[in-house]
Each structure stands twice: as structure tokens, then as C-alpha cells.
Chemist: 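Below you'll find the structure I mean.
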There are 2 protein chains.
Amino acid sequence: MTDAAAAHARPTLADVAARAGVSASTASLAFSGSGPVSEATRERVFAAAKALDYAGPDPRAQSLRRGRSGIVGVVLEERVRAAFLDPVKIQVLDGISEGIVPLGAGLLLLTDTGEGAVSVANAPVDAVALIGCSPRLAHTVAQLRLRGIPMVAIEGHAGDDIIEISIDNEDATRRGAEHLRELGHSRVALVTLPLDPERTRGPLTPEREDESTSATTSERIAGARIVFPGIGGVTAGASDVEEGRLAGLALLADPETRPTAVIAQSDLLAAGVIRAAEELGLAVPADVSVLGFDGVRVDGLAPYDLTTLVQPSAAKGRAAGEALVQMLAGEHPEGTCFSSVFHRGNTTAPPAR
Amino acid sequence: MTDAAAAHARPTLADVAARAGVSASTASLAFSGSGPVSEATRERVFAAAKALDYAGPDPRAQSLRRGRSGIVGVVLEERVRAAFLDPVKIQVLDGISEGIVPLGAGLLLLTDTGEGAVSVANAPVDAVALIGCSPRLAHTVAQLRLRGIPMVAIEGHAGDDIIEISIDNEDATRRGAEHLRELGHSRVALVTLPLDPERTRGPLTPEREDESTSATTSERIAGARIVFPGIGGVTAGASDVEEGRLAGLALLADPETRPTAVIAQSDLLAAGVIRAAEELGLAVPADVSVLGFDGVRVDGLAPYDLTTLVQPSAAKGRAAGEALVQMLAGEHPEGTCFSSVFHRGNTTAPPAR
DNA sequence: CGAACAAATCGAATCGATTCGATACTATGG
DNA sequence: CCATAGTATCGAATCGATTCGATTTGTTCG
């Protein structure tokens, strides 16, 4: 009977142990390798496992007993599709997966929309990385805190007690702006990342800046203002080439108001601005200089080599992953603020005339 | 002591039940909502939970007891970064996440490299979608089969008993090729997706085609051969614009051997071919026609409107997700082969002269 | 030859919930 | 007033493994 049942249902460690003529505890030791088990016994256990088609210890039972699931959650503020349109996010994600290698953990994608049975509130995760920062993050964070799940926030302030991994948005932009000023530019415009959760497209106004929910966007604007106090511009509806192109057309179409340089808050936006300039018959950088941010290789932008601020996206992710590893080990790592590196490409030059 | 311990350690359902003056079973019923519990009791349980900072039932214990983890695994053949460079894969992933909504499950990213503690061999997943097909997939599949985990394969043959979700690669390419023939083209070349796991770049040779490990690539080549039996070309090292550009330069540089039309096996490759043509001073489609595949919006390709075969990527993912849902419900869904739709853009035209 | 020690193995408790069958209790109808 | 039905609650078994302390077995040394 036991045998028949075992043949039908999936075998358990106990079944394997019984067939090998050892106790369940010994079989467990044989599988985990953490304990003194004689070579002969180990082999007998493995043989029994093979005979019974036993696939190894059930991960669910393991995670209950060990109190670890071996899974790290990544909370995205949007749906999957939107998140992976952004190369910086992908690099961050890749960095995280690299940072948690010591854990040997998998990456569980979660959104903070809260729908679905497995939400951030009840996912079997050991730790969580929050990417970006949406307004409803607060609730998410409260849930995780109750559960005692370690968290890090990447580019966003999730709470005073939560470690942040960020970059020098303000200072990096300031350095980029200074480069433009040194070249002789004074009529400069911004193409910013979205300011609000609705991603409203349109001209940059003081009111809209005040209501910003994106720290990244605001910090980068502030950095530009240090050099060009009165700088204005437009906000894009997303960080992609097409949005950059639209913004570029808006800024560059009118020869009367046309700036001699554009500070784009991402490389994708910068690429779009370049396309817009081309469409309008303007040469880059002769007629208009374009500065980017991120340092991602924009697919298909060759032969342009974008002047930009190279941020260590993958390193950010890695740092986040490593911080989580440390927290799981009981340590209390500190947040990190990375520095971006200025890269002088061929898309900036002194203004014409 | 119990109270002190409970205050220190995380509270369990039993602690909550004790404080509410009910049994653990009743408290469980109150939380799950599946069973007759009086309103008064429910409230008392929730109050106790709040007082103890209880965050709800432990998902690890739940998944052991219920035999379900609420997680669907997605097996990628490469590292995260590489996978998400491909817009088609992103759409598929997004489709999967949509398809499994009834499950309310999360998506766990796994790679079949087998490294790390949580590999496909021991991840707490209820079902798995295999995206793309790498040679070492066989081992992965064997593991999952032992565990009795339902699987679907997207664009790839993983085993005779495994459901496949695919598209009409051969026929779709044939239709695209026919369009070119009808326009009058006869000197046509291919830019193919990678053929082997090493993603070797280079001219297409019979030997290399024979050793192909990518069904998708081979099927699309076969479709082109139906119309242009002797068609040759080059293989790209990946599906991106830069690889397409390199391939395009290789094909178009020499005026002697230059084809009048190029069949690219992805839109990104097609975009790269267009860039190469521009660099060489060739007009598209006047001097060279370019056909794509996928129907993804290539960011920044405007004002070109690529002639291509629009495949339903998101639908593929959704179908895969839905098939998994059905399998988990004990049903036996069948595989699906979707059809691609020809889209006539402005990158194809009759050959010059 | 017996004591002391190490290595291998085993038993039993445990992780935190779910769920089925049993029980206690309340309302209804005869 | 008792039988019957029905509802709310409880006890105990269970999911499948891990782990600690205890026990057995075999070796070495005085």
C-alpha cells in the first residue's frame, strides 16, 4: 500500500529514506551535504531517489523550515512592459541579480499595484529591492516592514529607516551644464523626465515643478539651475527616443526661440532630440549641442557619440543586491550614493557664431 | 514569557488566535475567509492581529500546506540583461503576466545556467514558461518533469509532451518574400537571427545552417527559400540595431554584389540595415528595400514605417500564461500556433531601374 | 581488555499554517 | 419540551523537510 501510494503520488524524502533503509534525517543530511554521512549511505540514498524518481527536497517545505525562500523581490512601479522599456532599469535589475549571487536567489517581479494573490504583501521573499518610487509606495513599505523583510530603495526615498542607493543627480547635471557654459552656451533648454505619476507631457512650469513626485527629475533640474538659473524647457511623457523627439521638435522648431544647447535628462531623450534636430535640418553639434544622462549605449544612435553623464546603473543594482545580502546576514549596511562620470562625446560643441 | 517572546519574535497565527481567545483553526478561517466565522469573531481576530503587528499568514507555510506557491517561473536562456534587450521577449513576458492574472501569481525570473541555489531545479514554482530554446534546455525540462511542474514552451521544441506556443515563422516569411518578388526583386539577401548558442556572426553557409540550434531562425530561412531558393546572406550576433547595421554594411558595401532587397529576421535588425544603407548613401526604399519581422515599434526609427510581419508577441505570452492556468486546473490545453500579419510600410518598393 | 572518543545514524520536535471531521450551541418546528 | 437542522468553533492530523541532542557503532590508546 505504501509502495503503491508512493508510486502514484510524488515521493517524499521519507519514501526515499525508507527505500534506502535509513531514517529521514540521514537522507536529509545526504541531500544537503551538511553533516557526516558515510559514502556508502549517501550512494544508497541517491540510488533510492533515482529509483523512485525523487526530484530532491521540496522547496516549499525547505523554505518553511529554514525560514528562507531564496527569493528576492523586485518591486516595480509599473507593469512589466513599461519597466523594461527603460535600459537603465534593466541594467539595475541585472546588477541586482549579480549582487545577490551569494544568496543564489531568484528574482521575483512584483508591482505595487497590489492586485493579484501574490502581491508584495504576501510574497515569499527574503528581501526586497524597490526600484523607483511611486506615491503608493508607502503602503508597500509598511507591509514589508511588518513582515520584517529587509529592503533597499533604489533612486527614491521610501522611509527614514530604509537604505537608499542613489547617484549624484544634482552635481552630475551641474557638471554637464558647466561643460556647456564653458563651450560658450547661454541659451540652453531642458528636456526632463516625467514629473508626476500621470507622466504629463508639456512645458516646464514652476507650479508643475513644485508638485513633482520624482526626486530624480527635480534633482537634475536643480543641478542645471546652478549653472543656468533661469533655464526652462519641456517635460517628456516617458524616457524614450520618441518622447525625446517630440520634445526636441517642440524646443527646436522655432528659430526665434531655439536654444543652442539642450540638456536631456536621459540618453534616450537625448537621442530623440538629435533625431528631431536632424528632421529640422539642424546639425548636431554644429547648430545645436545635445547633452544626455545615463551613459547607456543607445541602440542605433551611431555614429553619434553622445556627450553624457555616465551613471553606474549596474553598480547601483549590484550595491542594492549586496546590501540585501548583508542585511540578511544580520549586518546593517549603509546607503550608497554613486558618482556619475562625465563623458565628452561628439554631440556638444561651441555654439555657432 | 509567551508574551515577551511573541513581542520579540514575529507573531504567528497561533499567537493571534490565543490573544483573540479562539483556536488557530478559527483564526485561519477568519483570514482566509473560506468558512463560516461570525462577524464578531472575525473582528476580534483582526483586532488581535493589529495589536500584535501580525502581517498575515506566512506565505511559506501556506504554500507548503496548500501545495501551491503562487509563483510562475520564466526560464530565460540568457542573463537578465540580454533577455530584456529584445522587445519581443519583453512583450511575451508582459503577455505571460497578463495570462496568469487569474492565478494572481508572481513571475520568477530564472535562467537555465543552473548556477545559484534557486535554479530551475528547485524553485518554488507552480508552473513554468520556457522562453526561447537553448541546447541545455533538455536537462531543465527533465528536472521539471520529475517534479511534475506544468510547462509551456514559447518558440521552441522542448519535448514531445510539452505544449508549444509559436507562430507561423515559415509561412509568414514566405509571404514577406513574395511581396518582394511581386515588387520585382530578384537579388535578395537575408540577415538572420543567431543560429547557434555562441551567436556566431558571419556569412550564412550550408554547414552552419545544418548545425542550427534555433528553430525560429531555420524556419524563417526556409520560408524565404520557398520564394528565393538560392537566397544567402549573413547571420547577426544578436537581435539589435547595431548588429543589423554591421550585417547591413557587410551586405551593401560592395556595389557589385549589392542586393536590391534585404529580408531581416527582426525589426531591430531591419532598422540596423536601414542605418547602414543611410551611412552608405543609399536611399530606402529607392535603392534598397528592407523587410523586417516582429512588428515592434523600433524606438527612434521614425519617419520610417517598416514593412514587416507583425507577430502577436503579447498574445503568445498571454496564451502561454493561459495554458499554464488551465494545466494547473487539471485541464490539458493544446499548443497554439499564431499567424503573423503582413504590414506594408514605406521601406519596400520596386527595385531601381 | 576496558575506557574514552569520534563518526555515523536515528528520534522527535519544529517551522506556520490549512482542513476535515467532530462537537457544542442556538434556533426552529412539531 | 424534545427532536432536528444548521451554524460557529475547536482538535488533531498533515504538508515535507531540517536540526539538535541522543544513541549506536567502531577505533584507538593506556
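Please read these numbers as outputs of a predicted model, since none were measured by experiment. Just so we're on the same page: letters track the sequence lines, and every chain starts at 1.
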Chemist: Quick test of your reading of the model: are B:R145 and B:D161 salt-bridged, counting only N-O distances below 4.0 Å?
Modeler: yes
Chemist: Give B:T12 one of three labels, base, sugar-phosphate or nothing, depending on what nucleic acid heavy atoms sit under 4.0 Å from its own.
Modeler: sugar-phosphate
Chemist: Side chains of A:S69 and A:D126: donor-acceptor distance under 3.5 Å anywhere?
Modeler: yes
Chemist: Nearest whole angstrom, please: distance from the P of D:dT9 to the CD of B:E39.
Modeler: 11 Å
Chemist: Determine yes or no for a side-chain-to-main-chain donor-acceptor pair under 3.5 angstrom, with A:R19 supplying the side chain and A:L52 the backbone.
Modeler: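 No, A:R19 side chain to A:L52 backbone: no donor-acceptor pair under 3.5 Å.
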Chemist: Nearest heavy atom decides the nucleotide; on that basis, is B:A27 or A:S32 closer to the 5' end of DNA chain D?
Modeler: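 Its nucleotide being nearer the 5' end, the pick is B:A27.
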Chemist: If you check the A:S38 side chain, which of C:dA17, C:dA8, D:dT9 turns out closest?
Modeler: C:dA8
Chemist: Would you kindly give the CZ-to-P distance between B:R68 and D:dT14, to the nearest whole Å?
Modeler: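 Spelled out: CZ on B:R68 to P on D:dT14 is 22 Å.
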Chemist: Ring centres under 6.0 Å, that's the criterion: do A:F31 and A:Y54 meet it?
Modeler: yes
Chemist: Counting heavy atoms from C-beta on, name the nucleotide in C:dA8, D:dA17, C:dG16 closest to the side chain of A:R65.
Modeler: D:dA17
Chemist: Which nucleotide sits closest to the side chain of B:L29: D:dG16, D:dA17, D:dT9?
Modeler: D:dT9
Chemist: Do B:S166 and B:E155 have side-chain atoms, one donor and one acceptor, less than 3.5 Å apart?
Modeler: no
Chemist: Only pairs under 3.5 Å count here: list side-chain donor-acceptor contacts from residues 32-43 of chain A, not counting sequence neighbours, and write none if there are none.
Modeler:
residue, atom, partner, partner atom, Å
A:S32, OG, A:S28, O, 3.3
A:S32, OG, A:S34, N, 3.3
A:S32, OG, A:S34, OG, 2.9
A:S38, OG, A:T41, N, 3.2
A:S38, OG, A:T41, OG1, 2.7

Chemist: Ignoring hydrogens and angles, answer whether the base of D:dT18 and the side-chain atoms of A:R66 contain a donor-acceptor pair closer than 3.5 Å.
Modeler: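 When only heavy-atom distances are counted, A:R66 does not reach the base of D:dT18 through any donor-acceptor pair under 3.5 Å.
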Chemist: Would you indicate, yes or no, if D:dG16 has its OP1 or OP2 atom less than 4.0 angstrom from a side-chain nitrogen or oxygen of A:Q62?
Modeler: no
Chemist: Would A:S23 and A:S25 count as having a side-chain donor-acceptor pair, cut-off 3.5 Å?
Modeler: yes
Chemist: Which whole-number value in Å describes the distance from B:N122 CG to D:dA17 P?
Modeler: 12 Å
Chemist: Using whole Å, report how far CZ of A:R147 lies from P of C:dG16.
Modeler: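 One finds 12 Å between P of C:dG16 and CZ of A:R147, rounded.
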Chemist: Rounding to an integer number of Å, can you tell me how far B:L13 CG sits from C:dC15 C1'?
Modeler: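 Atom CG in B:L13 sits about 14 Å away from atom C1' in C:dC15.
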Chemist: Nearest whole Å is fine: how far is C:dT19 P from B:F31 CZ?
Modeler: 15 Å
Chemist: In whole angstrom, give the distance that lies between atom CZ of B:R44 and atom C1' of D:dA8.
Modeler: 12 Å
Chemist: What integer distance in Å separates A:D15:CG from D:dA17:C1'?
Modeler: 12 Å
Chemist: Just to verify, what does B:Q143 make a side-chain contact (heavy atoms from CB on, under 4.5 Å) with, not counting sequence neighbours?
Modeler: B:A121, B:H139
Chemist: Examine C:dG16: is either OP1 or OP2 under 4.0 Å from a nitrogen or oxygen in the side chain of B:Y54? Give yes or no.
Modeler: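 Answer is no, no contact under 4.0 Å.
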Chemist: B:P36 near the nucleic acid: base, sugar-phosphate alone, or nothing, with a heavy-atom cut-off under 4.0 Å?
Modeler: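 Base: the residue B:P36, judged by heavy atoms under 4.0 Å, touches a nucleobase.
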Chemist: Mind running a 4.0 Å heavy-atom check of residues 17-25 of chain A against DNA chain C and sending the residues that fall below it, in number order?
Modeler: A:G21, A:V22, A:S23, A:S25
Chemist: By nearest nucleotide on DNA chain D, pick out whichever of B:V37 and A:G56 is the more 5' one.
Modeler: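 The answer here is B:V37.
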